[in-house]
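Take a look at the structure below.
Values below: all heavy atoms of this structure, side chains included; hydrogens, waters and symmetry mates excluded. Throughout, numbering of the chain's residues begins at 1 and tracks the sequence. When a ligand or atom number is given, it counts from 1 through the structure's own listing order.
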Amino acid sequence: MRVLVVEDEPALALNLQRTLEAAGFAVDVAYDGEEGWFLGDTESYDAVVLDLGLPKVDGVTVLQRWRAGGRTMPVLILTARGRWSEKMAGFNAGADDYLTKPFEMDEVVYRLKALIRRAAGHAQPEILCGLVRLDTHSGRVTVSGQPVVLTAQELRILSYLMHHRGRVVSRTDLVEHVYDRNAEVDSNVLDVLVGRIRKKLGADIIHTLRGQGWRVDAEN
Ligand code: CA
């Protein structure tokens, strides 16, 4: 899963980036509203953390522009304490959730995971595909109840495919949602990684569709 953080306070931006990367997300950071809007408009994100008080273009305007342009990714807004009118403006502009500063870093992780899961149509924190179960909170994967140890990259790929089970995920989709924009990705790497995931799972839930991409079925 790939997220965008738009936050102008350098220390908070860095803290968010590190926390989210440690939680397994690919993370891009923008430090003002203009760059944030541009990235959200042109790149593919599974969710966004958006501060409302931003230089150049304020957060509410950024969000309004994304929504007007048809960008539907879940957006978690960050607001200052006690600014109810600010939160309301954020929700009216299309925010999905909010956190008031200061907040616990772990709370951002939990809320983002829940937003991403719900946006993909899953109400439960566990996603089941055949014998494979993914706990979206902990990132734990089990096959028939037995834990499977995956690397961070493997988990990101499997998690994206399982969130979008029943749909064909193209190579481009997968690259865009698994790596940040600074990553240099050789697309053959994906085949190697998918191969490794298959081997570790033992259950063949990932189908390769030649020339199209991959699909995980809900049942198999
Ligand atoms: Ca700010």
Side-chain angles (χ1 to χ4, degrees), residues 1-120 125 136-139 152 156 159-160 163 175-184:
M1 298 297 166
R2 183 181 176 201
V3 297
L4 170 65
V5 172
V6 190
E7 169 59 62
D8 59 313
E9 288 170 48
L12 180 55
L14 185 64
N15 205 350
L16 281 166
Q17 181 177 15
R18 285 187 177 153
T19 302
L20 293 172
E21 282 175 353
F25 292 102
V27 183
D28 290 341
V29 182
Y31 300 93
D32 64 61
E34 199 173 281
E35 190 193 10
W37 168 78
F38 177 75
L39 287 179
D41 194 53
T42 53
E43 301 281 329
S44 301
Y45 295 104
D46 296 291
V48 178
V49 180
L50 176 68
D51 183 28
L52 291 187
L54 290 169
K56 296 192 182 174
V57 184
D58 70 89
V60 169
T61 304
V62 169
L63 186 49
Q64 279 168 342
R65 287 187 192 165
W66 281 337
R67 295 313 191 214
R71 299 278 149 188
T72 59
M73 67 283 192
V75 174
L76 169 70
I77 54 173
L78 304 178
T79 69
R81 190 199 300 270
R83 299 258 183 91
W84 168 240
S85 58
E86 204 178 75
K87 278 172 211 154
M88 215 162 53
F91 278 115
N92 285 334
D96 298 274
D97 198 1
Y98 76 92
L99 273 174
T100 303
K101 294 180 181 181
F103 48 81
E104 294 291 327
M105 282 295 147
D106 283 348
E107 196 173 353
V108 182
V109 173
Y110 270 81
R111 284 179 188 262
L112 282 183
K113 285 181 175 173
L115 285 175
I116 290 170
R117 180 165 55 72
R118 285 198 170 269
T136 58
H137 287 319
S138 64
R156 256 189 249 169
S159 176
Y160 189 79
H163 272 77
V175 170
E176 284 181 348
H177 289 274
V178 169
Y179 297 98
D180 63 59
R181 71 193 172 113
N182 298 317
E184 303 229 345

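Note on K101 versus E86: no salt bridge recorded, every NZ/NE/NH1/NH2 to OD/OE distance being 4.0 Å or above.
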- Applying salt bridge (Lys or Arg N to Asp or Glu O under 4.0 Å), run through K113 and D97 and close with a yes or a no. CA-CA 12 Å; K113 285 181 175 173; D97 198 1; over 6 Å; no
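Here the side chain of D32 pairs no donor or acceptor atom with the backbone of K56 at under 3.5 angstrom.
Between P74 and A119, the shortest heavy-atom contact is CG-CB, 3.7 Å.
Under the rule for a side chain to side chain donor-acceptor pair (under 3.5 Å), T100 has no partner lying at least two apart in sequence or in another chain.
Within a radius of less than 3.0 Å around the Ca ion (ligand 1), the protein N, O or S atoms are D8 OD1, D51 OD2, G53 O.
Aromatic ring orientation, H177 versus Y160: parallel (interplanar angle below 30°, classes split at 30° and 60°).
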